[in-house]
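Below: one structure, written as structure tokens.
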Amino acid sequence: MKKNATFESAAKDLEQIVSDMEKGDLPLETALAKFEEGMKLYEYCSKKLDEVEKKVTLILQDSQGNLKEAPFGTD
Amino acid sequence: MKKNATFESAAKDLEQIVSDMEKGDLPLETALAKFEEGMKLYEYCSKKLDEVEKKVTLILQDSQGNLKEAPFGTD
Amino acid sequence: MKKNATFESAAKDLEQIVSDMEKGDLPLETALAKFEEGMKLYEYCSKKLDEVEKKVTLILQDSQGNLKEAPFGTD
Amino acid sequence: MKKNATFESAAKDLEQIVSDMEKGDLPLETALAKFEEGMKLYEYCSKKLDEVEKKVTLILQDSQGNLKEAPFGTD
Amino acid sequence: MKKNATFESAAKDLEQIVSDMEKGDLPLETALAKFEEGMKLYEYCSKKLDEVEKKVTLILQDSQGNLKEAPFGTD
Amino acid sequence: MKKNATFESAAKDLEQIVSDMEKGDLPLETALAKFEEGMKLYEYCSKKLDEVEKKVTLILQDSQGNLKEAPFGTD
Amino acid sequence: MNLVQHTTKRRIHTVSQLTAVIKSVLEDALPFVWVTGEISNLKMPTSGHYYFTLKDNQAQIRSVMFKGHARNLKFVPEDGMNVVCLGRVAVYEPQGTYQVLVEHMEPAGVGALALAFEQLKARLAQEGLFNAEHKKEIPFLPRIIAVITSPTGAVIHDILRVLGYRFPNVHVQVWPVRVQGADSPDQIVSAFSQISAQNQADVIILARGGGSLEDMASFNSEAVGRAIFASEIPVISAVGHETDYTIADYVADRRAPTPSAAAEIAVPEYEGLELLLTEQVSRLKGALSLLIQKERDRFLNLKKRLPPPRRQVDDWRLRLDDYNGRVNHLLFRYLQGKRTEISTHLYKVNRLSPLHIIPNHKAILELRYGQIRSLIRQAVAANQAALKQARASLDALNPASILERGYSIARKIPGMEIVRKASNLSAGDEVEITLASGKVAAVIKSIEKGNKS
């Protein structure tokens, strides 16, 4: 996985890996490496999503200081 | 967001952003940036709405021709 | 057996040995050597498989520590 | 019998002796010598086979330390 | 009788002597000498046969320790 | 009678003497001498035959020590 | 030049020349005339033009209203109808006639004021004051609204009321002016210039209630119209009733039918905006939330689809065990085969061992033994028989048998030659005499000679 990859490129890589592995004819070492890479990409993307969600929460808290309502995620 | 944007243009930008995001096919980073921008626009608009205090004044001209602003009694 | 052979090449070599032995016209020493080589290949491959399985388990445990769901092997 | 003969050459020699003896017109001393040689060849081959079997057993015992199954000589 | 004669040549010589004596016109001394020679040949051959028998028996006894089957003279 | 004459020449001489004497016209001295000579020859031959017989017996006895059967004079 | 001069300084015209002069004089002098009269002899041929005669008690004049203008008529002209027409006088030279080409027609009864209004309107229109390209946009959210109107009365009240409920947070400046009367236009113009000078307001509302045409005079004044046109700040006019248009209405950037409507135009509805904004934020959050959820789902799905290579491992294990089993099996079968092979050899070697040929050899040997023993015995026996025969013959021929019959043999000693003739002896010779049984020695005493030699 490239360092500082964007979420989208990571997602695309993960998708590619899943698609490669679903073809099912990979040598064992390759399959393992792909699986490992896939899991890393998944975690990377998951973390990115968490970060985004956290950032959203912070943005909303900031704006809540200024605004009366607008809780995040209630609708 | 442009500095000194009017409420209208800001509201229009916000609307555009909402419409872009509702299409649902934005890359995550872009979506987050748009969201941030949208929140700023929202805050800007909100501020704009409440910026002016309610005031009704009567413009009076004294004998020297100077203008004077006096509260206007709405009875 | 070559050092650092891939699992697949080792497995293929083992298969070749089985096929060679099935032809049945090997000199005794060759048959013994083939058997020995076959056993080594078998053990090498077995070890490789154990390693892969262990690594997979570790990867999945790691990711389980970080993630709410996705238990291994339930689907 | 040659020293360090292979199992195969010894087995072939033994077969030749059998074939020579089957012709049945050997002088007594020759017959005796052939018989003696035949017996030696047989013992040599037998010993070779024993050695191989012993070696195989050792290899299997070694690998049994690492492996769950693969019993010796059950099939 | 030649020294180190083979069993076969000795047996042949003995046969020749018998045949010579059967002609019946031998001087007494010659007949005696032939007889003597014949007896020696007879004993020589007998001894040879005994030796061979003994040697074979010994070889078989030796090898019988090693062999499960192949009993002597069963067919 | 020659000394060291062979049994055969002695027997021949004896036969000749008998034949000479049978002609019947020999002077007494000659006849007597012939007779005497004949007797000597006879005894010589007798002794020779005895010796031969004895030797044969000895040879056969010798060989009987080594052999299971074949007693002299049974057939 | 006057008529007298014309007559004194005689100048003769052709009919055409005169007609041309008349035409030019008439048409130059009367480029636009208002004329009122009664319609008579009205005709409208298929061309769509109106041909009629305008007349009053003393005179009549031929008139035409071409199709293009007739289309704009708000009413249908009829014979006997009193109308006021705006048109120009045109001379038709071939026939030497003149007529009015009517461009605008309205029922009569409208006063000079209306005329003046129309004239002004036409003029300002021609100048382009009403043109759309000059209309400024009303700001969406004005901070300061300048209202030029009478500080008393229902108009300002209505405006403030509407502004109040639509958008409370706004600064309203009331610029008090007289909305009718002689000094009204000046006050209004002055208010405009002061607002302009102050340059605070975002929008100006010029308002008054309804009234007669006379009451609207200041709003129809040229000065007010020009002041509105000159204003850099957008102007909303709200005058009179919905149907009455004033010059101010025409010039203003926006015309409201009533003062309340002007207030509505000036500001948006606060609550609506707030609601709109809240809704936008809500949608924004929703969209992002959805997107994140979508991404999460997508990744969970991808993760679910990401197959750990366990199945491969299991498959390989089975295959490897199979290989292993086969290798073992093959090797043992192989060893078994080799053992059988050499055992077969051993069996054959044993079967063919010299032990099996020894009995044959022994038998032959025993045969030879028997033969040789028998042969030597035959040889000895034959010789014995021959010897025995010789002995018997010899015994039979023994010369000593004569002695049995009484003969004896004398031998001369020491030569031992047999004595046959007495002559061979001498007395004293010693002789040995052999008898049938025994020998004796004797000495010769005498000799008796015989006749035999």
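Quick caveat: nothing in here was measured; it's all calculated off a predicted structure. Just so it is clear, the values below take in all heavy atoms, side chains as well, and ignore hydrogens, waters and symmetry mates. Each chain gets a letter, A, B and so on, in the order the sequences are listed, and its residues count up from 1.
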Bottom line for G/I342: the part with an atom under 4.5 Å from chain D's heavy atoms is both
Please flag which part of D/E22 lies under 4.5 Å from any non-hydrogen atom of chain G: side chain, backbone, both or neither. both
Could you tell me the separation between the CG atom of G/L352 and the CG atom of D/D20, rounded to the nearest 0.5 Å? 10.5 Å
Looking at G/R143, I'd like to know if its CZ atom is crowded, meaning that more than 12 non-hydrogen atoms belonging to other residues, nucleotides or ligands lie closer than 6.0 Å. no
So which part of D/E8 gets closer than 4.5 Å to some heavy atom of chain G, the side chain, the backbone, both or neither? side chain
Interatomic distance, G/S353 atom OG to D/M39 atom CE [nearest 0.5 angstrom]: 9.0 Å
Max heavy-atom pair count under 4.5 Å with chain D, selected residue of G/I357, G/L331, G/V349: G/V349
Has G/E417 got more than 12 heavy atoms of other residues, nucleotides or ligands less than 6.0 Å from its CD? yes
Check ion pair G/R339-D/E53 (N to O, under 4.0 angstrom): yes
Testing the basics here: between G/K338 and D/L49, what is the closest heavy-atom pair and its distance to 0.1 Å? CB-CD2, 3.8 Å
Would a 4.5 Å heavy-atom cut-off, applied to side chains only, mark D/E15 and G/K348 as touching? no
Set out, in order, the CA-CA distance, both residues' side-chain angles and the distance that settles side chain to side chain contact (heavy atoms under 4.5 Å, CB included) for D/I17 and G/H345, then state yes or no. CA-CA 9 Å; D/I17 280 170; G/H345 292 334; over 6 Å; no
Check G/E341 against D/A11 and note the closest heavy-atom contact, atom names and distance. OE2-CB, 4.5 Å
